[in-house]
Amino acid sequence: MSEPSIELKGSLFPLSVLYCQDFSVATLRQELSNKLAQAPGFFTQAPVVISVENCTQTPDFAAIKQLFIELQLVLVGVCGADATIKKAAHAAGLAALQPPKAGKTTEPAKPAAPAAPTAPAAPTVISADNKTIDGNIRSGQQIYVKGADLIIRGTVGAGAEVIADGNIHIYGALRGKAIAGAGGDASKKIYCYNMQPELISIAGNYWLSDTLQGDYWGKPVCIGLQDGQLMLADLF
Amino acid sequence: MAKIIVVTSGKGGVGKTTTSAAIGTGLALKGHKTVIVDFDIGLRNLDLIMGCERRVVFDFVNVINGEANLKQALIKDKRLENLFILPASQTRDKDALHKEGVERVLNELSDEFDFIICDSPAGIESGAMMALYFADEAIVVTNPEVSSVRDSDRILGMLSSKSRRAEQGLPGIKEHLLLTRYNPERVQKGEMLSVDDVNDILAIKLLGVIPESQAVLNASNSGQPVILDADSDAGQAYLDTVSRLLGEDVAFRFLNVEKKGLLKRIFGG
């Protein structure tokens, strides 16, 4: 029996989508450089898709592609393209993707456009700002921090969910779910002062409260990932 | 301007209507002009607890729809001079309420009253949201058991995110915890959550603890708010609660198992 040596499988990957009003290379260069300067290194070689939904004429994809290489970004494809633009994108070696389903993110950009035509549209470029919440997260509330840490000065109630691409710090009890490294970063950690969670997860590896019963239950704990295995340790 | 206080819980059957009736009556007893508004459209109960069920002609929904004016719908309590009830409609459902209508009625009441007590329906759907949306303060009624505590936690989340104060960025709703059906004996046996357990989870200021009491059922059945039964433990606990709501510093009672005296031990108590 000979096994096929290749396999094609469908998979989903997180991609940053760039929304912009002006597709001229000069404007893009300036706006993108400014954005990247806010978080140096964060986007190095990050795969990016350009939304061309608002585009009135076919952009110069070859030049844009060159610009992305200069800025150390990887231009993967375009989304929301009509037939003409799609053709141009294919000619430049870019994939034409379906627009993301959560269409809401594109909405805020449109009303803002007339007021400040040169301003970057919907901020899909992630800023490295950590989010701090003073107070308790109640049952049923869900907090998600994209591309940064989440710090909670309070308790996460049973039935609440806190999710971050970065680390999660909870200066109170954790009784709900905490998901750190949601973007897949296995180096992220969860810190809490009183661990009684429903679920903890780091980069997709998770434990339910049943597994967590034991010495560390109700104690100050630091949770990390080691060789693909969740590890608990005393916080101090 | 009246102070709008919502009595809410998430979970049903924990004592919201009993509490609304007791606290509204207590505020009126203390000389404050008070109206209790029943937001439980379709499941009208407040009129029964207040003993005015035979005098309901027009209701909250009639006022919202402009079919009656506020004066026609308000029922004046027979026992207390400055206590009024705005009953819910029994024939409609929660969708009969909408923000504009509720706001108009509350504004109108606000000119005339010191306190508006909003008796919320159970759940977290539109009816409960309407009851809490305009509130200045909230009394979260909780039983000492896990499902009630979790539902209260959920409602506290709603109070801090879905209310008018939250949406307009005003100072948040002042949250009070009221523990009802508290049974110190069962707490001692470990069958019931203690005040400390609940406080630990919900982390809001404790306004009162109402002991489990036969007096509550008697009061409901006879249409007398339990707070008027000043001899009962529950009545006294509600009186303490109203004093605390008005900013007085009153010690908590009925938290511990009562020691039986010699006579009681001999003759049973």
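Naming: A, B, ... by sequence-line order, numbering from 1 per chain. A quick note: this is a predicted structure, and the numbers were derived from the prediction, not measured. Hydrogens, waters and symmetry mates are skipped; everything else that's a heavy atom, side chains included, is used.
For A:R153, the CZ atom sits in a loose shell: 12 or fewer heavy atoms of surrounding residues, nucleotides or ligands are nearer than 6.0 Å. A:D134 CG: more than 12 foreign heavy atoms inside a 6.0 Å radius. In the displayed structure, A:R175 atom CZ is contacted under 6.0 Å by more than 12 heavy atoms of other residues, nucleotides or ligands. Residue-environment remark: OH (A:Y206) stays at or below the threshold of 12 foreign heavy atoms within 6.0 Å. Environment of NZ in A:K188: crowded, with over 12 heavy atoms of neighbouring residues, nucleotides or ligands closer than 6.0 Å. B:R92 CZ: 12 or fewer foreign heavy atoms inside a 6.0 Å radius.
Chosen from A:G157, A:G154, A:A158, A:G135, the residue pairing most often with chain B at heavy-atom distances under 4.5 Å is A:A158.
Between A:R138 and B:I201, the shortest heavy-atom distance links the atoms NH1-O, 4.2 Å. Here the closest non-hydrogen pair linking B:R150 and A:S139 is CG-OG, 3.6 Å.
To the nearest 0.5 Å, atoms CG (B:D200) and CG (A:N194) are separated by 7.5 Å. Put simply, CD on A:Q141 and CE on B:M158 are 9.0 Å apart, with the number rounded to the nearest 0.5 Å.
If you measure heavy-atom distances from B:S160 to chain A, the contacts under 4.5 Å come from the side chain alone. Looking at B:D151, neither its backbone nor its side chain comes within 4.5 Å of chain A, counting heavy atoms on both sides. Of the two parts of B:L202, the backbone and the side chain both hold a non-hydrogen atom closer than 4.5 Å to a non-hydrogen atom of chain A.
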